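Below: one structure, written as structure tokens.
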Amino acid sequence: MQAQAELISLPQTLTEMFTRGRADRERAVRGIRWGDGPIHVVADARAVSAGMVARYAIEDLLHRPAIVAEASSFLGYSLATLRTGSPVVAVSSEGEAAELLEAVRAARAKGAQVLAVARAPSLIAEVAHQVFLLPDVAGTPAEGVAAACLQHAGAAFMALIAARQLARPTPALERLEADWADLPVALDKIVSQFANAVGSLARELGALKKVLFAGEGLHFAAALRAADAGGHRKEHLALALDFSRLRSGWLDAFGPDSGALLLTGSRSRFRKEAGKLAHELQKRSASVFAVTDANDHELGSQARLTLLLPDMADLPGSILALALAGWTAREVARPRRASSSNA
């Protein structure tokens with residue numbers, strides 16, 4: 001399993017990011033004048049889902065408005081709203097787009113303070129005021145599942161450090177940090193023990209003509225990146241939607257030849273909506289699958305097959321969901337890639 005091989009070294013990489021070099025990452029976050037206005041998040045096309053993680057985490061933890069945009073949209077619409085000292089978080093993928101570099105340079109020219117979530121060396125890291133460094137995941141492709149999980153984890157960790165520095169300590173933040181520290185161990189357990197479960201889910205999804213990856217908030221960011229992990233093929237349509245869009249315009253597009261993989265958790269404020277959507281999809285004879293935890297009884301009882309995560313807060317839980325859903329998407333795509341290469 002290619003995606004499983006990619007993920008094997010990720011727990012150790014995350015442990016190192018959380019411990020070694022943390023002081024440098026804290027200095028990078030502290031080096032930005034966060035001010036009291038909206039925080040802008042700009043990302044290249046492959047890193048948009050990680051930019052969404054930064055936005056949701058900033059809003060949840062810092063209780064500040066955050067605006068996320070792909071680089072082209074940022075240049076066209078958001079740049080004009082920047083003021084001197086406005087904080088801008090730039091989230092970069094491995095293969096940095098020229099537009100993101102242009103956006104960072106333009107933001108600096110407007111007097112904004114830019115914090116890059118990026119690997120080094122990179123042009124983005126050189127141009128930004130501060131750099132929240134992402135480590136390398138050895139031997140993994142830039143478009144792979146492990147790289148996606150690391151991007152999401154880096155964006156989330158940046159927001160968590162900012163909350164520790166800028167927000168008032170609360171019991172909820174303490175519980176989140178405890179869950180966050182457990183993320184590498186939980187991920188290692190998933191990578192080593194879930195191969196059969198992922199294989200079963202991939203076979204179920206691979207037999208369908210249309211597959212939906214759905215979530216809300218942080219879990220929608222995971223669903224979006226997971227759906228992209230399988231690639232885009234005419235013979236197997238994979239979509240990613242948030243719960244509100246699914247309910248408002250897509251439910252009637254699903255039937256017996258389609259299915260939905262719902263990503264959530266028992267501590268998510270959207271878990272009841274996930275259960276209601278599962279019921280609506282079943283009424284249309286669509287297959288329902290889930291990535292959630294064992295305490296999410298409503299969704300678990302309705303899903304045809306459920307991959308059970310540890311019970312965690314949304315921030316670390318969404319990264320585990322991305323690992324499993326992205327791994328599954330790659331497994332759905334793999335047989336077709338093999339057969340097409342042998343033709």
Side-chain angles (χ1 to χ4, degrees), residues 13-44 47-48 50-69 71 74-75 78-79 81-94 96-97 99-136 150-170 173 176-177 180-181 315:
T13 303
L14 289 178
T15 299
E16 292 176 359
M17 184 170 73
F18 296 166
T19 54
R20 291 172 53 189
R22 175 164 181 156
D24 291 335
R25 294 180 176 92
E26 289 176 344
R27 277 193 292 272
V29 173
R30 195 164 49 243
I32 295 296
R33 298 192 299 271
W34 292 92
D36 57 4
I39 298 170
H40 290 266
V41 182
V42 57
D44 60 42
V48 166
M52 293 169 62
V53 170
R55 172 205 159 186
Y56 292 130
I58 287 168
E59 290 180 341
D60 287 347
L61 299 177
L62 274 67
H63 309 291
R64 294 274 299 281
I67 303 165
V68 62
F74 178 86
L75 287 166
S78 301
L79 186 64
T81 68
L82 294 183
R83 300 176 297 175
T84 300
S86 291
V88 175
V89 177
V91 185
S92 171
S93 64
E94 180 80 4
E96 293 172 330
E99 278 187 320
L100 180 61
L101 183 60
E102 181 185 353
V104 170
R105 285 173 171 160
R108 285 203 59 154
K110 291 274 289 186
Q113 293 285 301
V114 182
L115 171 64
V117 179
R119 296 187 186 184
S122 70
L123 291 174
I124 301 298
E126 292 174 8
V127 173
H129 291 94
Q130 301 289 339
V131 184
F132 190 97
L133 282 179
L134 297 179
D136 291 323
L150 183 61
Q151 274 187 351
H152 282 220
F157 191 35
M158 177 276 300
L160 187 57
I161 287 176
R164 175 56 75 185
Q165 293 180 357
L166 302 172
R168 187 173 297 175
T170 64
L173 184 58
L176 172 59
E177 288 208 281
W180 189 253
L315 205 58

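Source: prediction; values computed, not measured.
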Just by distance, do the side chain of [X] and the backbone of [Y] share a donor-acceptor pair under 3.5 Å?
{"X": "His129", "Y": "Val114", "answer": "yes"}
{"X": "Asp44", "Y": "Leu100", "answer": "no"}
{"X": "Arg64", "Y": "Trp34", "answer": "yes"}

What closest approach, in Å, do [X] and [Y] show between heavy atoms, and which atom pair accounts for it?
{"X": "Ala125", "Y": "Val131", "result": "O-CG2, 3.2 Å"}
{"X": "Ala159", "Y": "Leu62", "result": "O-CD1, 3.7 Å"}
{"X": "Ser92", "Y": "Gln151", "result": "O-NE2, 3.5 Å"}

* To do: Could you walk me through whether Leu82 and Phe74 pass the side-chain contact (heavy atoms from CB on, under 4.5 Å) test, one step at a time?
  => CA-CA 10 Å; Leu82 294 183; Phe74 178 86; 3.8 Å; yes

With a 4.5 Å limit on heavy-atom distance, are the side chains of [X] and [Y] in contact?
{"X": "Val88", "Y": "Lys110", "value": "no"}
{"X": "Leu176", "Y": "Leu61", "value": "yes"}
{"X": "Ile58", "Y": "Val41", "value": "yes"}

* To do: Give the ring-plane orientation class for Trp180 versus Phe18, where under 30° counts as parallel, over 60° as perpendicular and anything between as tilted.
  => tilted

* Can you name the side-chain contact (heavy atoms from CB on, under 4.5 Å) partners of Thr170, sequence neighbours left out? -> Ala172, Leu173

* Return each pair, listed once, that meets salt bridge (Lys or Arg N to Asp or Glu O under 4.0 Å) where at least one residue sits in residues 14-23; pairs must be two or more places apart or across chains. => Glu16-Arg20, Arg22-Glu26, Arg22-Glu177

* To do: May I ask you to check whether over 12 heavy atoms, not counting those of Arg164, lie within 6.0 Å of atom CZ?
  => yes

